[in-house]
Structure formats: C-alpha cells, structure tokens
Chemist: 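Before anything else, here's the structure in question.
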Amino acid sequence: MESRYNPAAVEGKIREFWEKNQTFKFDENSSSEVFSIDTPPPTVSGDIHMGHVFSYSQAEFIARYKRMRGFNVFYPFGLDNNGLPTEILIEKKFDTTAEKLGRDKFVELVRKEIGSYNAAYVELWKMLGLSVDWSLLYQTISPDVQKVSQKSFLELNKIGRVYRKEAPALFCPKDKTTVSQMELKDKMLKSKILYLKFSDDVTIATTRPELLPSCVAIFVSPEDEKHNGLVGKEVAVPIFGNRVKVIADRRVDPAFGTGVVMCCTFGDQTDIEWYKAYNLELKIIIDEKGRMNHPYYNGIKIKEAREKIIGDLKEKGYVIKEQEIEHSVNVHERCDTEIEFIVKKQWYIRYLDLKEKFLELGNSVKWYPGHMKVRYENWVRGLQWDWSISRQRYFGVYFPIWYCKNCGEPIFADEKDLPVDPFVDKPHENCSCGSSEFEPEMDIMDTWATSSLTPEINARWGIDGKYVKKILPMSLRAQAHDIITFWAFNTIVKSYFHMNQIPWKTIIINGHGLDPKGNSMHKSLGNVILPDAYLKKYGADALRYWASSSLLGEDNSFQEKDVITGSRLINKLWNLSRFVEMNCKEFDSSKSASVIDAWIMGRLDRTIEEATIRFDEYDYFNARFKVEELFWGFANDYLEFVKDRVYNKDLKAAYTIKFVLFKVLKMLSPFMPFVAEEIYQQVFATDQKFLESVGEKHRSIHSGGWPNRIDVNAADGKRGELAVDAIIGIRKKKHDTGIALNEALSKAVIYKKYQEGLVGSLDEVKESMRVREIVFDGEGEESEIVKGIEK
RNA sequence: GGAGGUAUUGUCUAAUGGUAGGACGUCACCCUUACACGGUGAAGGCCUGGGUUCGAUUCCCUGUACCUCCACCA
C-alpha cells in the first residue's frame, strides 16, 4: 500500500472497477428480495451544489447498506430536463427567448443543447460514488418517458379523471405561462395604495387601480354598521361610469383600508371566490401576453396602465388619499413577477373528491421522520383546487390531443401511437363531425404531471412493462421536505389512479444542506457552494462523510472542517490498514485467551448490533456514529495496547486486529465506499486464508457481507474492560508525571479493590504499558484505579 | 392567521429522567518501528419562565428566536 492515501487516483480506479464488474447492476434473474429506490430526478437547470450532495448521499447510504444485506437493489436515476427550468437555462445561455425564436426552432435548440448538461450531471454523480445502476437512467424528456406521461393522461381520461375547463388561472406575465399554486411565493413589495372616491359614502382603498375597468361589484362586511346601509344599492365606477352592486360578505375585513372592497375579475383569489359565489359578470382586461386589452388602455403593459389611470384619476379628482405601503404579494418563484389572473381553457385532473382516500394512502406509507407525514396531511386537507396541468410553454411533454377545426371536439391519441407529437402527427380518422382538419393542443404538460410518475417510469409501465411486477410498489422514496406537498403527494395520486396502490412502502425525508451560515443555497443569494473544488481536495468519501453528519430530516450547514474530519478518518483507516498489511500477514484464527481481545470483540459485537438496528430505521447518522466510536477506540486504544504482542509474533492478536478492521471497514463502506473498496481489494481480497476464516466470498466489498453478530465470551469481555481501564489509568499517570508513553516502568500501584477483577489479565496490563511489576495497595476514590507509578 | 420543526460550549453537531459525547478552534505535553493529515491530556455548553418528579438539558405547558410549508394581504 502507498504510504499516503490519494483519493483522486484511487477513486478513478475504483469507479472503473465497479463499472467493469457491474457491481451495482440490478439483477433481473436474481431470486433475492428486491429493494427498489425512487430518487428525485434533479432538474437540469444549473449546477449541482452541496445541497444536492447532501440529500442524494443520504439515500445512497441506504442503497449500499441494503445491497450488503443481500437485497437485489434497484437503484435508478433520472434527469428532469423538460419544462420551464430547462427552457430558462437555454434562453439564458443563448440570450434569447422562446417567443423570439418560435416554437420549432426553440424546441430544436433545447433538444440539441440539453445533452451536454445531462452528461455533466451524470459525471458528477458518478464522481460522488452514487451506486446507481446507470443502465436504468431516464430523462423526463425522452420518448419513453413522454410515452409514460401521455399514457397516464389517456388513462386518466378513460377513467373520467381529466376535464377541460375555462377557468381563472394564475398567470405569470413575464414567462407568459399559467403557473400552479406551488410555483408561487410571497414577496414584500413597496406599493401605493389609493383611496378612491366612488360616491359620497363609498371610498375604496386599492393597490390595483388599473383593474378598475374590470370592477364588477363592491363588497362590505355584514358586521360593518357604517356601510351596512349601502348593501343592495348600486354605485358608479369612476371614469368608466358603469354601475355595480354593493354586496355584504364576511370575507371583508371592516378594519382594513376603508372597509369597502372592489371586486375585479380578477385581482386576487378572493375575487375568484366572489365571482363564483355571486355569479358575477366576467370582465377580462389582461390578455395572455400580459397586456391590457381594455380599449381604455389600448394594449399597454400592466405597470404602464397603472401610471396612466392614476394620472387620470387624480386629474378628475377621484383620489382622496395616496399612501406608500409595503405589502406582500404573490409572485412567480422563478422570476419574482407579480401574478395575474387570466381565464383560459385548461386541462385539469379531478381529485378534490378523494381527500379521504389520499389521507388513507398516506397512512399506509411509513414516514421517516414520522412527523413529516403531518405536512402531507395538512396539504391534502387544505386542497381547494383540482390539479391544473396545462402550461403555455414549449419544451415539455405534449398533450396527446388535437381539436377538430370544425367542431372543436378534442381527439385523443391512440395509446399504441405514443409518444405523439400533435404538431407533427395527425389523428388516424376524421372527427365524428366528418372534418379532417385538426389543430394540435398548444400547451404542454406541467412537469409534475410527469415527475409524479417516477415509480411507473422506473417500472417501464407503458414502455415494455418489464419491472412493473418486480419493483412496484417501490421499497423506498427518498426526497426533501420542501416538495412533500407536490412530489410525494402527486406521486401518490398517480399511483392510486394507475396502480390502485401506494407508490412506495416507505418514504424518507431528508433535510437541506445549507451554506456555512445556515442559509439555504440560492443563486440569487450568491451563496451556492459547488462540490468540485472540495471533491478535488478531499475526495468523494470525505464529502459523503459531511453528508452523513446529521440526522435524517435535519438541515445541516456545510462546514469545510466536517469534510476535514472525514478525511482524517479516511487517513486513519488507511494507515491502520497499512499496519495490518505489514504486521498481520500471518495470523491464527483460533480462539484467543486474551481478555483484551475479548474486550474489543465484545465492543465489535455490540456495534454490529446497534449499527444494524440504526440502519434498519434509516438512521444512517447514528449507525456511522456507533461504528466510528468503535473504530477510534480500536485504533487509539486496542491497537496501542496489543502492538507489542503483534511485534512479538502473537498471531492471535494479529488475527483480532485484522478481523476487527475487516468488520469496521464493511460497516463504514456505505459512507466511504472508495477507500473501503481500495483497502478491501489490497488487504483482504487476495488473502484466501482470511476470507475463508470469515466466510467472505464477494468480489466487491459492497456486494454483500454486512457483518453478523459474533460469538463473544461476555465474562472475558467484562474482565477485559477493567484491564483496559487499568491501562488507561497508567497511561494517564505517565502523562501527568511527564513519562513518555513507551517508556518502561518498574512498578505500578493499583488500589486493592481491583485485585480480584484483574486476576488473569495482569500480564496483559503489564505488557501494554511496559510495567515490570504491579502491586495492590490503598483504598482509593470512587473511579480511580491507579494509585501511582514508578520509573 | 394556521401547521410542522428546531433551540446544547467560540463554531458545527450527538446522546440522555440522575448536570452531557464527538469534531473544528484554543492551551499544555509527546516525532512511542501504521499515521505529526499523528498521539496523550486540559479549559469550555444544555434559550426564558412555569409544571410533573426525590431529581429535568431530557417529559408537559408558556414565551422568545430561527427554519420550512400553507392561507391571507382589497
């Protein structure tokens, strides 16, 4: 072995070794129980940062553990490269927009460009040592996945779960697309609130004066005595002069503004509720390009419209008061643009009637940590809308639909033709009205409509179906907590509709990797930390060590020192292995009589038990913690105590060291797979005699052989503990009196009460600390063992 | 406004109904034939206020702070 561990060189070599041996290949013919893992396909929209490293590593520890436990692990990977994020990526790169290029050219450009991003992504994940079966790689934009997604849509249509409806939709004027509830965030914005005089007794405070032409009613609170008298009357809208009714509704807060609200179609969600509840008129004044289409404005932009009408209102004396306020508004999370409402025909998935069912399904999945289920339940209970899946964008999965140019009827594609591109393909038959002229559905599907199908995609449902029976429901879903409400939820929805079962038996929810100050990493904050430099400097194992440094579900800030700690552990493991290579070539695997050997074996046994229990609960952190605890005791105490025995050709001590290292290496290998594999190959794989003694037969350390409990002599182990305490006591005395640890002592004095307990292990204590004679004298304090030492 | 989570030394993070372990940093000592990318040792901590208990950092309640999600914001 090299005297120094070189992660960069070793990791490359080991990756090749795994690839050549197909170590992580899912074995289709195996009779072993399958463990299938559903992992998030990362959005291909920018760089992979430490946050990704953090969460993906955590699922990976489980994959490696399960594989070693003998499961036939199905561990696929996906790339989410359709939809808006991908479009924005390419638009930025070429400083253009889809609108400028036109649909066809734009889609072609994205398709061409996306390949290089994919490759870079996969490369980095490989560098990090994800034990994925890369032959199972999927992309959400691939024809196969489009097929699955379109099939899902057709199936939902068959069972009456999709419908098309003209409905108010959240709309982003900048991206020119409808967005879902999920894509909104709050933002504090400075704004003006105007107090507008509608009549002598009606003054309305509004931040959206430009919506005045779409004012269809006025609302007051039923408890508002000041304005109660107005209910039922009609009031004229300033400038436009049309008369609108005053209605009482409890959604009005009499204390806000003037206590009187105008309802415009639409300014916010309450407007929509009122519109529905009171069957109000619909006045659309913002078009799909985000421009005002009311004649008064003549096609100008929303912000310009606001300026224009404020000027007009002031001029005509309608403005009583004007205030600067700061209020939070709904903005599109990707571009920070204020959200508008438009009315449009959209495809929806109808599921509001199934809340109870979804709660029940959520209950049949095991959640780790358990409290994450509550978030899911809150989301389901609070659902108010069906799922809108239409997006007015270009690059994504197309709806498999055409509309008859004559009668407008939608024509659904045939399942056997999937995937279809409605812009290129045509229906096989004429419309029932006789027309043969069709136009394609212009919209694409919401990306979640596709990524909610990852279990079905992995199972190749609708492709060749080859894994449907083998892997569904999947054993495990791993994801972060921020997308419980859509990814986890929507996946459950789709699995229920298509498979009538839960998508996975267990879900683990990881936290976020944060920046060193504890803030989440965002490009806009400029605090994104990329793994590349750290990967180069410390290696993948050390980064993975950081990723395993907090409990499942907890956030953890990235600290370089944690990576350094990981590389210290790696270094120690390496050097200890070198010791074994140099000194433990010869060994005797028969039972040792040493109580100190029994002590370390006892600790090893307990560690195996605990690490196994922890891992089975997806508590990788404490599994690692227990093993590490044992390892440092093994390296700094046990090895130091028995070194002299090994130098003096004690072959049983040599075997004990080799044995413990072997088991520790196995248990650390899910966390630091590269160095573990390298040591396994160099020290153990070629040692036939040792492999036979432990019954090991795996080519790779990761292929199997998670340690089983070992047979230990508990009584000897207990005596060993006292001997170790005595040794540590002498070591401390040596330190306190300034005697070097390797210096010989003529005598050590141990308190009398320990005499009995040390019968049979005195020689080992003497040998470890190089003491010629041990005598017993004195009573001593509670926890003290050693009274004194003499040179 | 609602829901969930978190609060441990200078920093990051565990465990625990009987005053807390590790890492980095700090200090002291040691180049002991695997490792100075090392070893031995030291100093340093349980957010506030209640309650349960013989005893609480740990359980319960309250407050405060922070994080996440949801709703609202005329």
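The structure presented is a predicted model; accordingly, all values stated were derived computationally and were not measured.
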Chemist: Using the C1' atom on both, measure B:U11 against B:G44 and round to a whole Å.
Modeler: 13 Å
Chemist: From C-beta outward on A:F625, which listed nucleotide comes closest to its side chain: B:G21, B:G39, B:U13?
Modeler: B:G21
Chemist: Aromatic rings A:Y376 and A:W367: how do their planes relate, parallel, tilted or perpendicular, breaks at 30° and 60°?
Modeler: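 Geometry flag for A:W367 against A:Y376: tilted rings.
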Chemist: Can you tell me which nucleotide in B:C12, B:C37, B:G4 comes closest to the side chain of A:S557?
Modeler: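 The closest nucleotide is B:C12.
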Chemist: Nearest of B:A34, B:A42, B:U11 to any side-chain atom of A:M582?
Modeler: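 My answer, after comparing the listed nucleotides, is B:A34.
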Chemist: Atom CD of A:E640 and atom C1' of B:C30: how far apart are they, to the nearest Å?
Modeler: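 Distance check: A:E640 CD to B:C30 C1' gives 13 Å.
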Chemist: Taking any heavy-atom pair under 4.0 Å as a contact, classify A:L551: base, sugar-phosphate, or nothing.
Modeler: sugar-phosphate
Chemist: Under 4.0 Å, heavy atoms only, any strand: does A:K643 hit a base, just the sugar-phosphate, or nothing?
Modeler: base
Chemist: Quote, to the nearest angstrom, the P distance that separates B:A23 from B:G41.
Modeler: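 Those two atoms are separated by 12 Å.
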Chemist: Using a 4.0 Å heavy-atom cut-off across all strands, classify A:W574 as base, sugar-phosphate, or nothing.
Modeler: nothing
Chemist: Given that both distances must come in under 3.5 Å, which nucleotide forms a Watson-Crick or G-U wobble pair with B:U33?
Modeler: none
Chemist: With rounding to whole Å, what would you report as the distance between B:U16 and B:C72 at their P atoms?
Modeler: 41 Å
Chemist: May I ask you to decide if the ring planes of A:F54 and A:W546 are parallel, tilted or perpendicular, using 30° and 60° as cut-offs?
Modeler: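 Tilted: the ring planes of A:F54 and A:W546 meet at 30° to 60°.
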Chemist: Could you please name the partner base of B:C27, counting Watson-Crick and G-U wobble pairs only when both distances are under 3.5 Å?
Modeler: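 B:C27 is paired, partner B:G41.
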Chemist: Measure from CZ on A:F489 to C1' on B:C69 and round the result to the nearest Å.
Modeler: 15 Å
Chemist: Checking all strands, does A:F219 fall into the base, sugar-phosphate, or nothing category for heavy-atom contacts under 4.0 angstrom?
Modeler: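 No contact at all - A:F219 keeps every heavy atom at 4.0 Å or more from the nucleic acid.
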Chemist: Please tell me if A:N636 has a side-chain N or O lying less than 4.0 Å from either OP1 or OP2 of B:G39.
Modeler: yes
Chemist: How far, in whole Å, is B:C24 from B:C61 if one measures between their C1' atoms?
Modeler: 37 Å
Chemist: Taking the inter-plane angle between the rings of A:F634 and A:F631 on a 0 to 90° scale, is it parallel (under 30°), tilted (30 to 60°) or perpendicular (over 60°)?
Modeler: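 Tilted: the ring planes of A:F634 and A:F631 meet at 30° to 60°.
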Chemist: Using the C1' atom as the reference point in each nucleotide, state the distance between B:G45 and B:A34 in Å, no decimals.
Modeler: 35 Å
Chemist: Quick one: label A:N556 by what it contacts on the DNA or RNA (base, sugar-phosphate, nothing), any heavy atom closer than 4.0 Å.
Modeler: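 Counting heavy atoms under 4.0 Å across all strands, the contact made by A:N556 is with sugar-phosphate only.
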Chemist: Taking the inter-plane angle between the rings of A:F358 and A:F489 on a 0 to 90° scale, is it parallel (under 30°), tilted (30 to 60°) or perpendicular (over 60°)?
Modeler: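 Perpendicular, since the angle between the ring planes exceeds 60°.
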Chemist: Output the rounded distance in Å from CH2 (A:W546) to P (B:U11).
Modeler: 20 Å
Chemist: Closest approach to the side chain of A:E554, judged atom by atom: which nucleotide of B:C69, B:U6, B:G41 is it?
Modeler: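 Within the option list, the nearest is B:U6.
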Chemist: Relative to each other, are the rings of A:Y680 and A:F684 parallel, tilted or perpendicular (30° and 60° limits)?
Modeler: tilted
Chemist: Could you give the CG-to-P distance, from A:L514 to B:C67, as a whole number of Å?
Modeler: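 In whole Å, B:C67 P and A:L514 CG are 11 Å from each other.
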Chemist: Can you tell me, in whole Å, how much space there is between the P of B:A15 and that of B:U6?
Modeler: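 Roughly 11 Å separates the two P atoms.
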Chemist: Using heavy-atom distances to pick each residue's nearest nucleotide on RNA chain B, tell me which of A:S550 and A:R578 is more 5'.
Modeler: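 By nearest-heavy-atom nucleotide position, the 5'-most residue is A:S550.
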Chemist: Taking atom P in both B:U68 and B:A56, compute the distance separating them and give it to the nearest angstrom.
Modeler: 35 Å
Chemist: Any base atoms under 4.0 Å from A:V580, or only sugar-phosphate, or nothing? Heavy atoms, all strands.
Modeler: nothing
Chemist: If the cut-off is 4.0 Å, is A:K572 near the phosphate of B:G39, judged by side-chain N/O to OP1 or OP2?
Modeler: yes
Chemist: State the pairing partner of B:C46; accept Watson-Crick or G-U wobble contacts with both distances under 3.5 Å, and report none otherwise.
Modeler: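 By the stated definition (distances under 3.5 Å), nothing pairs with B:C46.
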Chemist: Taking the inter-plane angle between the rings of A:W274 and A:F219 on a 0 to 90° scale, is it parallel (under 30°), tilted (30 to 60°) or perpendicular (over 60°)?
Modeler: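 Rings of A:W274 and A:F219: parallel, under 30°.
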Chemist: Please determine, for the side chain of A:N571, which listed nucleotide (B:A3, B:C37, B:A23) has the closest atom?
Modeler: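 That would be B:C37.
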Chemist: Between A:F486 (CZ) and B:U68 (P), how many Å, whole number?
Modeler: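 Roughly 14 Å, once rounded to whole Å.
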Chemist: Ring stacking, A:Y647 with base of B:U33, under 5.5 Å and under 30°?
Modeler: yes
Chemist: For the backbone of A:A547 and the side chain of A:Q58, can you confirm whether one donor and one acceptor N or O come within less than 3.5 Å of each other?
Modeler: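 Checking the backbone N and O of A:A547 against the side chain of A:Q58, a donor-acceptor pair under 3.5 Å is found.
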Chemist: Could you work out the separation of B:G21 and B:U33 based on their C1' atoms and round it to a whole Å?
Modeler: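 So the two C1' atoms sit 33 Å from each other.
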Chemist: Quick one: which of B:A34, B:C69, B:U33 gets closest to the side chain of A:F579?
Modeler: B:A34
Chemist: I need the CD1-C1' distance between A:I739 and B:U32, as an integer number of Å.
Modeler: 14 Å
Chemist: Which part of the nucleic acid, if any, lies within contact of A:H481, taking any heavy atom under 4.0 Å across all strands shown: a base, the sugar-phosphate backbone alone, or nothing?
Modeler: sugar-phosphate
Chemist: Which one is paired to B:C66, where only Watson-Crick or G-U wobble pairs with both distances under 3.5 angstrom count?
Modeler: B:G5
Chemist: Taking any heavy-atom pair under 4.0 Å as a contact, classify A:R208: base, sugar-phosphate, or nothing.
Modeler: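 No contact at all - A:R208 keeps every heavy atom at 4.0 Å or more from the nucleic acid.
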Chemist: Please state whether the base of B:A14 and the side chain of A:E628 form at least one donor-acceptor pair under 3.5 Å?
Modeler: no
Chemist: Parallel, tilted or perpendicular: which fits the ring planes of A:F61 and A:Y620, with parallel below 30° and perpendicular above 60°?
Modeler: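 Ring orientation of A:F61 relative to A:Y620: tilted.
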Chemist: Measure from CZ on A:F621 to P on B:G22 and round the result to the nearest Å.
Modeler: 13 Å
Chemist: RNA chain B: A:R568 or A:N622, which has the more 5' nearest nucleotide?
Modeler: A:N622
Chemist: Once you measure the plane-to-plane angle for A:F659 and A:Y655, does it fall in the parallel (<30°), tilted (30-60°) or perpendicular (>60°) bin?
Modeler: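 Tilted: the ring planes of A:F659 and A:Y655 meet at 30° to 60°.
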Chemist: Of all the nucleotides listed (B:A34, B:C67, B:C69), which has the minimum atom distance to the side chain of A:D555?
Modeler: B:C67
Chemist: Please state how far atom CG in A:D271 lies from atom P in B:C72, giving the value in whole angstrom units.
Modeler: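 Nearest whole value for this atom pair: 12 Å.
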Chemist: Report the nucleotide, chosen from B:G4, B:G39, B:G41, that has the shortest atom-to-atom distance to any side-chain atom of A:I728.
Modeler: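 Of the candidates, B:G41 comes closest.
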Chemist: Return the pairing partner of B:A14 with a 3.5 Å limit on both distances, Watson-Crick or G-U wobble; otherwise return none.
Modeler: none
